[in-house]
Amino acid sequence: MKLFWAALAAVLWVGAAQAQQAADTIAPEGAGTGAIALSGPAAEAQAAKIAGRAVEAKGWMVVAANPLAVDAGAKVLRAGGSAADAMIAVQTVLGLVEPQSSGLGGGAFLVWYDGATGEITTLDGRETAPLAATPRLFQDKDGEPLEFFDAVIGGRSVGVPGVPALLAEAHVRWGKANWRSLFRDAITLADRGFAVSPRMATMVARDAERLSQHPLTAAYFLPDGAPVAAGSRLRNPVYADTLRILSRDGPEPFYTGEIAQDIVRTVRNATGNPGVLSGVDMAIYAIKERPAVCMTYHGHDICGMGPPSSGALTVGQILGLLAEEDIAALGPGNAETWRLIGDASRLAFADRGLYMADSDYVPVPVNGLLDKGYLSRRAGLLQGDDALPIVRPGRPDFDHTLNLATGAPIEKPSTSHISIVDKFGNALSMTTTIENAFGSRLMVRGFLLNNELTDFSFVSHRDGVPVANRVEPGKRPRSSMAPTIVLKDGKPVLVVGSPGGSRIIGYVAKTIIAYLDWGLDVQSAVALPHLVNRFGTYDVEAGTAATALAPALEAMGYEVNARDLTSGLHAISIGETLQGGADPRREGIALGD
């Protein structure tokens, strides 16, 4: 049966594999699936991805969005470092070679399984709003919400970055290697230069007009007024100097020293759209350990990041709503499967929009949202043959009274995901982001600053009722990032996550279902075509056989939209061996010992 579904997955997935095989092909929406020229183990890993095969290893595995970053992490693991050590090397290189997606100027959520204790720990490295922020931060003088890019470009959208503090916290807790050594590859690449990838070049070209609005950003990405070209060598010695400071002194200069001063100055002096970030905001930033959110699904525990992330809660709700359905028997090629998954997702997203936000500011009914009785009652709405005509939030159990309105945030799909398993049995799943591609478009010390505050609702109230995810001083905006570790009998069996804005939730849920219910290996699971329904319209992945399901979905009552769904799923399965899968829609690879 597993071989059958694996064969079906190979039939369903055609577009990205073909794009990978054509080195000069760039997918729409800047996916950048043109192949990067590689050699040695990285070339073998790339060939395996193109062929649709998982990469197999016995001791350790790292999967991330760019081969240079994966290679940096592999060196650390090969030398006896932990998954936390390898993550630092991967992230600092990603910030150089994939700056449009993540970096020192952004934030991240980290889920950790400890091989020695069996414990799951989740760390919140999400950005925070300045203390001077108000609920009207993204409204005009008449109280109307700003247009998205009017809010994004400049300093108004910048929150306090969390990545440097998260790197340091992870190293203190779980690091084994020397801190300074973990920056070596990123510093060398920044000093000597690296070959611009097809994906980065495509995205720079698409965003050239916005990148040109700020001098430092334009000088780096648009030298001589033209976008950097794929294959050209790009140096970033300023970023190298920033990394040298962090490698020598830790995160303190970033939050209280010279780097912090430059960040604040850049944000507050941004031409046309200054922000309100202050030195105090930088100095008081702290990583928070949050309770892991876990949901039982078909004999497995699905564990991830709780609020301010909506990822684990919404993935958990989708799976909980489907728990009594025979998804395995229906299979991935059946429109009925996707009716169930799609409407389960719509029900979960309705709850997400009303109830989920930073739990330090808004009481979130975590237990009520995942309660089996509540989900069973909600799952009753799935019994039928057609799309649900109307989807409303449910009424989970609260231990308090609360009156909230649904907000209107806009999440854009530019993020990155890292999955790592080390030889000590530790597993790490981390999703990292600067939000929109190139963030606020402000560059400081060789890295881009986030526009993460636009993940807040632009509307603060509806009919006098406050929105849970409204802007408030010091608050962390709601996220869809869903770094996930799946366990069986207390042991990890799958490490997974993805970029993709609010579609992250659908990408991750689909991959878990493909692995657990349809028996696909991780490479087939991440490559399986996407069908995502959040708010009613069914997005089906253009260029794949998923579009063949469109007529049946339309007959059920859905509006169907064929579009590019550029996820960046990176997964590792853990059994007798490790198997790594890298999303063929992007440039990443899996490497193991």
Side-chain angles (χ1 to χ4, degrees), residues 38-49 51 53-94 110-121 167 170-171 173-179 181-182 184-185 303 417-430 483-497 515 520-526 569-583 588-593:
L38 302 174
S39 61
E44 295 174 8
Q46 185 184 66
K49 182 176 77 168
R53 300 193 311 271
V55 173
E56 194 164 1
K58 291 187 176 180
W60 51 261
M61 179 76 71
V62 54
V63 196
N66 184 283
L68 293 172
V70 173
D71 183 61
K75 289 177 183 176
V76 173
L77 294 170
R78 194 175 291 118
S82 69
D85 296 323
M87 176 274 292
I88 295 166
V90 171
Q91 175 66 90
T92 51
V93 173
L94 283 178
L110 187 157
V111 181
W112 176 270
Y113 171 84
D114 194 285
T117 66
E119 295 179 353
I120 290 277
T121 301
L167 302 184
H171 189 259
R173 289 173 179 249
W174 306 300
K176 294 180 179 293
N178 177 271
W179 167 261
S181 71
L182 303 175
R184 188 176 298 134
D185 271 34
C303 293
H417 182 79
I418 304 165
S419 292
I420 305 175
V421 174
D422 64 29
K423 69 177 185 180
F424 308 104
N426 304 310
L428 175 147
S429 183
M430 187 176 97
T484 303
I485 297 179
V486 178
L487 302 103
K488 176 72 171 176
D489 299 326
K491 301 291 185 181
V493 296
L494 183 68
V495 181
V496 65
Y515 182 76
L520 303 186
D521 65 45
V522 285
Q523 187 58 52
S524 299
V526 302
L569 286 152
H570 295 129
I572 302 171
S573 65
I574 307 168
E576 292 183 4
T577 63
L578 303 174
Q579 290 193 338
D583 201 319
I589 59 172
L591 276 183
D593 64 341

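Bear in mind the structure is a predicted one, so any value in this text is a computation, not a measurement. What you see below is based on every heavy atom in this structure, not just the backbone, and it leaves out hydrogens, waters and symmetry mates.
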Residue pair A582 / V63: nearest heavy atoms and the distance that separates them
CB-CG1, 3.9 Å
Would the distance check show the side chain of H417 and the main-chain N or O of A64 forming a donor-acceptor pair, the cut-off being under 3.5 Å?
no
Roughly how far, to the nearest 0.5 Å, is the CG atom of D71 from the CG atom of L591?
7.0 Å
What's the spacing between I589 CD1 and K49 NZ if we round to 0.5 Å?
8.0 Å
How far does CG of L578 sit from CD1 of I420, to the nearest 0.5 angstrom?
12.5 Å
Would D114 and T121 satisfy side chain to side chain contact (heavy atoms under 4.5 Å, CB included), going step by step from the backbone distance to the final call?
CA-CA 8 Å; D114 194 285; T121 301; over 6 Å; no
Quick one: do L94 and N66 satisfy side chain to side chain contact (heavy atoms under 4.5 Å, CB included)? Show the steps, please.
CA-CA 7 Å; L94 283 178; N66 184 283; 4.1 Å; yes
Work out which heavy atom in G73 is nearest to a heavy atom in A86; give both atom names and the distance.
O-CB, 3.7 Å
Can you measure from CZ (R184) to NZ (K75) and round to the nearest 0.5 angstrom?
9.0 Å
S429 versus V495, closest heavy-atom pair with distance:
CB-CG1, 3.6 Å
Does K176 offer a backbone N or O that forms a donor-acceptor pair with the side chain of D85 under 3.5 Å?
yes
Give a yes or no answer on whether the side chain of T577 reaches the backbone of E56 with a donor-acceptor pair at less than 3.5 Å.
no
Looking only at heavy atoms, the pair that brings A427 and V421 closest together is CB-CG2, 4.1 Å
Is K491 atom NZ crowded by more than 12 heavy atoms from other residues, nucleotides or ligands, each under 6.0 Å away?
no
Side chains of T92 and L167 in contact at under 4.5 Å (non-hydrogen atoms)
yes
With sequence neighbours left out, the residues meeting ring pair (Phe, Tyr, Trp, His ring centres under 6.0 Å) with W60 are none
Before you tell me yes or no, could you show the steps for Y113 and I120 under side chain to side chain contact (heavy atoms under 4.5 Å, CB included), namely the whole-Å CA-CA distance, both residues' side-chain angles and the distance that decides it to 0.1 Å?
CA-CA 5 Å; Y113 171 84; I120 290 277; 3.9 Å; yes
Nearest-0.5 Å distance, CG of residue L494 to CD1 of residue I574
8.0 Å
List for me each residue that meets ring pair (Phe, Tyr, Trp, His ring centres under 6.0 Å) alongside W179, sequence neighbours excluded, and say none if there are none.
H171, F183
In sequence, state the C-alpha distance, the side-chain angles, and the governing distance for D521 and S573, and then conclude on side chain to side chain contact (heavy atoms under 4.5 Å, CB included).
CA-CA 8 Å; D521 65 45; S573 65; over 6 Å; no
Here the pair of heavy atoms bringing Q579 nearest to M61 is C-CE, 4.0 Å
Within the 4.5 Å heavy-atom criterion, are L77 and D593 side-chain neighbours or not?
no
Sub-3.5 Å donor-acceptor pair from the side chain of D583 to the main-chain atoms of L569, do we have one?
yes
Any side-chain heavy atom of V90 sitting closer than 4.5 Å to one from M430?
no
Might you point out which heavy atoms bring A84 and A170 nearest each other, and give the distance in Å?
CB-O, 3.8 Å
To the closest 0.5 Å, what do you measure between CG (D422) and OG (S82)?
6.0 Å
